[in-house]
Amino acid sequence: MSIRRLNTRSDRIMPELIPVLSREEIKERIAGVAVQISKDYENRELVLIGVLKGAFVFLSDLIRHLTIPVQLDFVSISSYGSGTASTGEIRLTKDLGIAISGKDVLIVEDIIDSGQTLQWLSDYLRTLDPKSVRTCTFIDKRERREENIPVDYACHTVEEGFLVGYGLDYAEDYRYLPGIYHLKL
Ligand code: IMP
Ligand code: MG
């Protein structure tokens, strides 16, 4: 796939997209994490909570690799504007639709960067009296990590850079790409 073809029509200055993970590599990583989660949560009541919009692609693949029954819900959080770094202000724009009291909760994120979003969400979920709250992210990015919050499951770890594709966006573009790319502006 040529770099040029992947850019959106509206881009004037063509950003460069450097391949990081292919469709096949993504599938392998998810299968590995799914085996671990299926083992860890056997005979438990697991609720997966996806963080919209970025996590929807990962979560839809993840549930189909799990071998245990799960419940599923989404929350939507606004934390980012349209740039590449967090604005620091976090708001819940879509709340849970199902009860999580007494259940094991696994937050499913597309990418964890500073950890602010995750810290805020796990603090909020804990007020709803779940049995446990843990975290699964497709990408664990260490560059700006501020919060000392454990990432329990990660498919891929990177030190830095802005990544797009497989649900991850830059100003709402690139979510549709089947692979993960490093966006060089
Ligand atoms: P945090 O609160 O700094 O951890 O930011 C987490 C959120 O920022 C993620 O759920 C993404 O929506 C967004 N984000 C952080 N880094 C990237 C990136 O490299 N590509 C796309 N979105 C990102
Ligand atoms: Mg997100």
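By convention here, the first residue in the shown sequence is residue 1. Counting starts at 1 for both ligands and their atoms, following the listed order. For the numbers below, each heavy atom of this structure counts, side chains included, while hydrogens, waters and symmetry mates do not.
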Which pairs of donor and acceptor atoms, one on a side chain in residues 44-51, lie under 3.5 Å apart (sequence neighbours left out)?
| from | atom 1 | to | atom 2 | distance (Å) |
| --- | --- | --- | --- | --- |
| R44 | NE | D104 | OD2 | 2.8 |
| R44 | NH1 | D40 | O | 3.3 |
| R44 | NH2 | D104 | OD1 | 3.2 |

(message) Do I30 and R64 make a side-chain contact, defined as non-hydrogen atoms from C-beta onward lying under 4.5 Å apart?
(response) no
(request) Could you please spell out the steps behind the side-chain contact (heavy atoms from CB on, under 4.5 Å) verdict for R145 and D140? (result) CA-CA 10 Å; R145 189 67 44 86; D140 183 1; 2.6 Å; yes
(request) Please state which part of K141 comes within less than 4.0 Å of ligand 1, counting heavy atoms only: side chain, backbone, both or neither. (result) side chain
(request) Apply side-chain contact (heavy atoms from CB on, under 4.5 Å) to D129 and list each qualifying residue two or more places apart in sequence or on a separate chain. (result) S101
(message) Looking at ligand 1, is there an atom of it that comes within less than 4.0 Å of some heavy atom belonging to I111?
(response) yes
(request) Report yes or no: does a heavy atom of V164 sit under 4.0 Å from some atom of ligand 1? (result) no
(request) Examine ligand 1 and decide if any of its atoms is less than 4.0 Å from a heavy atom belonging to D169. (result) yes
(message) As an exercise, state the distance from CZ of F138 to CD of E109, rounded to the nearest 0.5 Å.
(response) 13.0 Å
(message) Tell me whether ligand 1 is touched by G54 - counting only heavy atoms on the residue side and a distance under 4.0 Å.
(response) no
(message) Under a plain distance cut-off of 3.5 Å, with no hydrogens placed, do Y166 and R23 share a side-chain donor-acceptor pair?
(response) no
(request) Check each atom of ligand 1 against the heavy atoms of G115 and keep those under 4.0 Å away; list them by number with element. (result) 1 (P), 3 (O), 4 (O)
(request) From atom 20 (N) of ligand 1, work out which of L183, L163, I180 has a heavy atom at the shortest distance. (result) L163
(request) Please determine, by modelled atom types, if S78 and T93 share a side-chain donor-acceptor pair under 3.5 angstrom. (result) no
(request) Give the numbers and elements of all ligand 1 atoms closer than 4.0 Å to a heavy atom of S114. (result) 1 (P), 2 (O), 3 (O), 4 (O)
(request) For L168, counting its heavy atoms only, list the atoms of ligand 1 lying under 4.0 Å from any of them. (result) 21 (C), 22 (N)
(request) Give the numbers and elements of all ligand 1 atoms closer than 4.0 Å to a heavy atom of E109. (result) 10 (O)
(request) Indicate whether any N or O donor in one side chain lies under 3.5 Å from an N or O acceptor in the other, for E146 and Q116. (result) yes
(message) Any heavy atom of V51 closer to ligand 1 than 4.0 angstrom?
(response) no
(message) Residue-level breakdown please: for T117 versus ligand 1, do any non-hydrogen atoms fall below 4.0 Å on the side chain, on the backbone, on both, or on neither?
(response) both
